[in-house]
Structures are given as C-alpha cells and as structure tokens.
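Atom set for the values below is all heavy atoms of this structure, side chains included, hydrogens, waters and symmetry mates excluded.
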Amino acid sequence: MRRPRVQAGTSNFQFRKGNDALLHYPLRRPRAGCRTPAFAQDTAPPKDVTVSGSVGLVSDYRFRGVSQSDENLAVQGGITIAHKSGVYIGTWGSNLAGWGTFGGANMELDLIAGYKLPVGGGTLDVGATWYMYPSGFDNTDFIEPYAKLSGTAGPVALTAGVAYAPKQQALGPWYSNGTSAANGVYDRVNAKDSNLYLWGDVSSGIPDTGLTVKAHVGYSNGNKGLGPFATSVSPTGEYFDWLVGADYVIPGTPLTLGVAYVDTDISKAESAYLQPSFSRGQDGVGSIANGKVLASLTAAF
C-alpha cells in the first residue's frame with residue numbers, strides 16, 4: 001500500500017508537556033519588589049481553579065532524545081487548567097519537521113488529563129496524553145497513560161515515572177526499514193505495537209542565583225520498525241536517553257533561559273536500517289539522536 005508523501009516543513013530542546021521529561025514549564029515567579037503583605041496571604045482563600053501555561057522558543061524539539069524538528073528551531077506552547085481537587089486538563093503543541101512525514105499542518109498537538117494526590121511526603125500524578133497530528137495521515141494519533149511520583153530530599157526535587165502506550169496502529173512497524181519508508185510502500189499494513197517509557201528526573205535550585213540545575217534519564221522499549229508516518233516512539237526498539245542542564249529565571253520577568261546537553265545511546269550502526277528517515281533533512285547522513293547542546297527561552301504565565 002502506497003501513501004502520498006508530503007514534504008516535511010523546514011521550520012523548527014523542548015520544554016516538554018511534563019509527563020516524561022524534566023523539561024517542564026517553569027512556574028511564574030513574583031516580580032521583584034511586589035511582595036504580597038503577610039495578612040493578605042493569610043486571609044486570601046485558595047482558588048478552586050487555576051490556569052497556568054507558557055510559550056517558548058527552543059533550538060531543537062527533542063522528544064526522548066530524538067529530534068522532532070529536523071534539529072531546527074521550534075515554537076511551543078501549552079496551557080493547564082487545574083482544580084483544587086487534583087484533577088487537571090491541558091494541551092500542548094509544537095511545530096514539526098524531518099523525522100517522519102505527518103502531513104496536514106505538520107505539527108503535534110497533545111491533549112492531557114490527569115489527577116494528582118498527596119502520597120506520604122510526595123505527590124502521585126496519574127493521567128494520559130493523547131498525541132495528535134492535526135489534518136495528518138490516518139492512524140497517526142495515539143494515547144499514552146502515565147504515572148509519576150514526585151518528592152523532595154532536602155533541597156533536591158526527585159521524580160520517577162512510567163508511561164505505557166498499549167498496542168495501537170500508530171506504534172506498529174508498518175515499515176520494516178527506512179528504504180520502505182522512503183519508497184512509501186508499507187511492509188505490514190495495520191500493524192500494531194505498544195511502547196514503554198521509564199524515566200527519572202532530579203533538580204535543585206542554587207540559592208540566591210535564580211539558577212536551577214537538572215538532570216534526566218529515560219529508557220524506551222517499543223517497535224523496531226517505522227510507523228505509518230515513517231517514525232517511531234522507540235527508534236531501534238530499545239534505547240536510553242539522558243539530559244543535563246540548567247535554567248535561569250530572569251529577575252523581574254516571567255522569562256526563563258535554559259541550556260542543556262541531550263544525548264542517547266543509539267549508535268550509527270544500530271540506526272542504519274532507519275535511514276534515510278533518521279537523519280537531518282532525511283538525506284541518510286548523520287543522526288537526529290546524536291549529542292547536542294540545546295537552548296530555550298520560555299515565558300510562563
């Protein structure tokens with residue numbers, strides 16, 4: 001079965017939606033010199049519903065270590081509505097390019113819903129993300145439930161999580177290799193597969209500096225082929241990704257500057273069968289999962 005090929009866009013470190021990586025939206029800090037009086041803090045009733053979000057520019061949209069923007073700039077944004085009961089809903093979006101051919105608007109739009117509750121001295125967060133590619137090809141959207149436990153150890157914030165996407169066509173090995181994908185001829189039409197992602201995050205603020213240092217490690221296990229849009233949530237089937245970096249909150253503004261180094265253990269030999277899809281510009285040269293220093297600028301509200 002041949003599907004039409006659509007040229008990927010050329011516009012495109014991600015502040016990811018928050019269910020699998022440390023690259024989350026920072027909370028907006030109070031402006032300097034605008035402290036709320038103590039009596040107001042004591043008497044103000046808690047809000048039943050809070051709305052938060054951010055918009056940002058990132059030098060490369062990396063999802064679990066793999067570029068989704070052809071190693072180019074990406075514009076991203078999201079919003080979350082949370083109820084005091086612990087229930088929340090949100091959405092997050094980014095432009096895409098390269099790796100795979102999604103068609104339509106060539107963008108990712110995620111719908112997120114979950115519930116947070118206190119557990120011991122930490123917080124348990126359970127929910128699901130629905131990954132959408134508006135106006136794209138059929139069978140590209142998929143759902144991924146997740147659970148994560150967050151807490152602190154002194155000045156250090158810790159998070160451990162698991163995300164499991166059950167068998168779905170978007171995760172199946174429709175193409176067995178990059179050559180089939182380049183030719184647009186499916187090897188296994190309607191194939192389904194599942195995907196497992198485990199991750200851990202650690203971060204700590206440096207007092208009186210506005211800096212937060214952070215680190216992330218993740219493990220993916222899924223299909224070794226390429227899905228119906230010539231990409232895969234787990235390239236090579238099984239791999240690790242990691243990140244180390246720092247964020248700086250610009251005083252008196254809602255802006256945060258971020259810099260990080262991200263990498264995977266996907267070797268050139270392991271990913272050779274995915275080419276030319278697994279390269280910048282889909283030219284078969286290099287890798288979109290190699291180590292790279294990434295930068296970001298985010299405005300939170």
Side-chain angles (χ1 to χ4, degrees), residues 1-6 8-9 12 14 16-17 19-21 61-70 74 90-114 127-146 162-178 180-199 218-239 241 266 271 273-274 277-278 282 288-289:
M1 177 178 179
R2 180 180 292 272
R3 73 179 171 119
R5 301 290 291 175
V6 176
N12 279 224
Q14 71 156 326
R16 189 65 185 164
K17 58 224 70 166
N19 68 334
D20 66 333
Y61 170 18
R62 292 276 177 137
F63 179 56
R64 300 173 184 174
V66 179
S67 177
Q68 311 292 299
S69 59
D70 210 27
T91 186
W92 183 93
S94 176
N95 60 290
L96 305 172
W99 180 223
T101 305
F102 295 89
N106 210 37
M107 68 171 292
E108 176 183 340
L109 180 64
D110 303 336
L111 303 180
I112 308 160
T129 302
W130 179 258
Y131 296 85
M132 299 172 57
Y133 305 91
S135 301
F137 297 112
D138 294 338
N139 307 315
T140 59
D141 303 346
F142 68 98
I143 190 169
E144 183 181 62
Y146 60 86
V162 55
Y164 178 75
K167 286 188 175 183
Q168 296 161 81
Q169 290 186 348
L171 305 176
W174 290 48
Y175 298 113
S176 59
N177 53 61
S180 294
N183 292 330
V185 179
Y186 293 131
D187 297 308
R188 295 178 58 192
V189 178
N190 298 325
K192 296 182 179 181
D193 210 337
S194 59
N195 191 82
L196 172 69
Y197 188 67
L198 307 174
W199 79 92
Y219 166 77
S220 295
N221 191 306
N223 83 69
K224 293 188 66 174
L226 297 172
F229 43 88
T231 185
S232 173
V233 179
S234 293
T236 70
E238 184 178 22
Y239 76 101
D241 69 273
I266 299 176
S271 61
Y273 76 99
L274 298 173
S277 294
F278 206 64
Q282 299 186 17
I288 53 173

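- Between Asn223 and Ser232, some side-chain heavy-atom pair lies under the 4.5 Å cut-off.
- No donor-acceptor pair closer than 3.5 Å links the side chain of Glu238 to the backbone N or O of Asn221.
- Partners of Ser67 according to the side chain to side chain donor-acceptor pair (under 3.5 Å) rule, which considers only residues two or more places apart in sequence or in another chain, are Asp60.
- Contact detail for Asp193 and Gly222: the closest heavy-atom pair is OD2-C, 4.4 Å.
- With sequence neighbours left out, the side chain to side chain donor-acceptor pair (under 3.5 Å) criterion links Asp187 to Ser176, Ser180.
- If you take CG on Leu171 and OG1 on Thr140, they are separated by 11.0 Å, rounding to the nearest 0.5 Å.
- Ring pair Phe229/Tyr133 is tilted by interplanar angle, where 30° to 60° counts as tilted.
- Considering only heavy atoms from C-beta on, Tyr131 comes within 4.5 Å of Phe63 through its side chain.
- Checked by atom type, the side-chain pair Asp110/Thr129 shows no donor-acceptor distance below 3.5 Å.
- Asp141 pairs by the side chain to side chain donor-acceptor pair (under 3.5 Å) definition with nothing, not counting sequence neighbours.
- Residue Asn106 comes nearest to Ala97 through the heavy atom pair ND2-CA, 3.9 Å, listed as atom of the first residue, atom of the second, then distance.
- Rounding to the nearest 0.5 Å gives a distance of 8.5 Å between NZ of Lys192 and CD of Gln168.
- Asp241 meets the side-chain contact (heavy atoms from CB on, under 4.5 Å) test with Arg64, Tyr197, His216, Tyr239, Thr264; sequence neighbours excluded.
- When all heavy atoms are compared, the tightest approach of Pro228 to Tyr186 is O-OH, 3.2 Å.
- Once rounded to the nearest 0.5 Å, the distance linking CE of Met107 with CG of Leu96 reads 7.5 Å.
- Between Trp199 and Tyr219, the gap from one ring centroid to the other reaches at least 6.0 Å.
- Taking CD1 from Ile266 and OG1 from Thr236, the interatomic distance works out to 4.5 Å, rounded to the nearest 0.5 Å.
- The backbone N or O of Lys224 lies less than 3.5 Å from a partner atom in the side chain of Tyr273, making a donor-acceptor pair.
- Here the shortest heavy-atom pairing between Ala230 and Ala181 reads CB-CB, 4.0 Å.
- Atoms CD1 and CD, from Ile112 and Glu144 in turn, are 11.0 Å apart once rounded to the nearest 0.5 Å.
- Considering all non-hydrogen atoms of both residues, Tyr146 and Ala128 come closest at CE2-N, 3.2 Å.
- Residues that satisfy the side-chain contact (heavy atoms from CB on, under 4.5 Å) test with Ser194, not counting sequence neighbours, are Tyr164, Lys167.
- Using a 30° and 60° split on the angle between ring planes, Phe278 and Trp99 fall in the perpendicular class, above 60°.
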